[in-house]
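A short worksheet on the structure shown next.
Naming: A, B, ... by sequence-line order, numbering from 1 per chain.
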2 protein chains.
Amino acid sequence: MRTIDLPLIRRSRLFAQVAEPDLAAMLTACFVQTLPEGAVLCRQGEKAEFLHVVLSGRVGLFGAAARDEALVEFFGPGDAFIVPAVVLDAPYLLTARLLDEGRIMMWPAAAFRAQVRATGSLAYGAVLLLSGYWRTLGGLIKDLKLLSAIERLSAFLLALAPRETGPVTVTLPGGRRLVAGRLGITPQSLSRAFAALRPLGVSGGGREVTIVEPARLREFVGSRALKGT
Amino acid sequence: MRTIDLPLIRRSRLFAQVAEPDLAAMLTACFVQTLPEGAVLCRQGEKAEFLHVVLSGRVGLFGAAARDEALVEFFGPGDAFIVPAVVLDAPYLLTARLLDEGRIMMWPAAAFRAQVRATGSLAYGAVLLLSGYWRTLGGLIKDLKLLSAIERLSAFLLALAPRETGPVTVTLPGGRRLVAGRLGITPQSLSRAFAALRPLGVSGGGREVTIVEPARLREFVGSRALKGT
DNA sequence: CACCGGGCTTGATTCACGTCAAGTAACATG
DNA sequence: CATGTTACTTGACGTGAATCAAGCCCGGTG
């Protein structure tokens, strides 16, 4: 555990309410690893052994099936994922893989379970974290069931853009292949979706995409999709 | 609050770890309502005002879009839903509607937020509850992205069936329209999906469906879809 | 009994997206 | 400089599911 990691750990929502001495005590059981891109942190079907907290880099959660796999969600610094598998002491539902090189804090499952049960402030942090994730997944399901591929891409781009009216340039979180997985479509379809959005002022080179007029895009997806919200 | 409700409340995972005197104190802020089928408990986009705990009946969470809406998940007795919106003090992401007549406990949002922050055992219960829900949604997304409609129906039926080998009769949680929404397809497609499964030993009258040989169905969905789990 | 309305099924057609297959561009490697 | 290699785009074609449109079955009502 390097001292350089501490501020990153502190910043996680999981620890926001934990008092300083408690935090120090908790972390004695943990260790930090630097891992390369592509490293697998946990595998679908295996028993939960560690809670992982992302300190740097990004992690993707994948669901595997016969031939292909789908990205379910991804996480960045400050996120603690697979909390559910750990607290319920259940097998991992998904496979986690590093999308970049990154530093990951490992927290032995049994120790974490005991801490959550014993420390109210940690449990509260977990509630906040899980609440955010639940909303993310709920929104994802809504999108998958109700929106077309093009609409989902629009919504995705808008979510990436800061709430502005002028032209914005957003950076895609990874290659197009990854984005396609997140949207639940193939890379080819993603390409077509980008082409379909070009007339609406979405010009995309490589990993950078600029939206000429977010309002227009917002109106497009809004009119076709969301009523409330 | 009727005394008849207490055992139901106790049974909820949310309160599993809460000591008896604490529980009594918490419940002073709550009240219980009997509501008819179709009653709307909360509406997408509105600010969270109550946490709802289902005591009897079933509740569906729907996402609304321009013309249609999709069922995201449903809940039964013991479930406390929209915890995330309440603890984050954020607008509801989804609309909740009663699928049957049912008794619902209402817990004012501010009071619940304060209790979760103050009472570790309640926060721990919330962590368990949310963990379960996260896994449900994660599985749902995996299914939506990787499985065909027929495969999703198979998996859904198998999840309803007790872990048996012999012929099983399962009861659908509501009309076919509802099931179709849950699976992310139209009622017509559901009908066709049932027809497609008939050769595999799935005979469906009305709301009861009997599976002649669960193992065969399991093999069907397994071979085509899930590798690990 | 005739009548009607809602839920389920079935058929014909349409459409979105996946699949297969080239083709292009950027970059590293021999 | 030729050559992979990888990432992205584009086109042609097939398919799964939505849509449109009847029919069917069943319970309620006059």
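In this structure, A:Leu147 atom CG and C:dC17 atom P are separated by 10 Å, rounded to whole Å. With rounding to whole Å, A:Arg176 atom CZ is found 13 Å from D:dA7 atom P. Taking atom CZ of residue A:Arg177 and atom P of nucleotide D:dC8, one finds them 9 Å apart after rounding to whole Å.
Within 4.0 Å (heavy atoms only), A:Gly174 reaches no atom of the nucleic acid at all. In this structure, B:Leu190 reaches neither bases nor backbone, as no heavy-atom distance under 4.0 Å exists between it and the strands shown.
Applying the salt bridge (charged side-chain N to carboxylate O under 4.0 Å, His left out) criterion to A:Arg207, with sequence neighbours excluded, gives no partner residue.
Note on ring orientation: taking the six-membered ring where Trp is involved, the planes of B:Phe31 and B:Phe50 are perpendicular (angle over 60°, cut-offs 30° and 60°). Note on ring orientation: taking the six-membered ring where Trp is involved, the planes of A:Phe15 and A:Trp107 are parallel (angle under 30°, cut-offs 30° and 60°).
The main-chain N or O of A:Arg103 is found under 3.5 Å from a side-chain atom of A:Ser56 such that the two form a donor-acceptor pair. Of the possible donor and acceptor atoms, none in the side chain of B:Ser12 sits under 3.5 Å from a partner among the backbone N and O of B:Leu8.
Nearest nucleotide to the side chain of A:Ser148, out of D:dA18, D:dC8, C:dC17: C:dC17.
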Letter per nucleotide, 5' to 3', of nucleotides 19-29 of chain D [B base touched, S only sugar-phosphate touched, - untouched; heavy atoms, 4.0 Å]:
BB---------
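Side-chain contact between A:Leu197 and A:Ser154 is present, with heavy atoms from C-beta onward closer than 4.5 Å.
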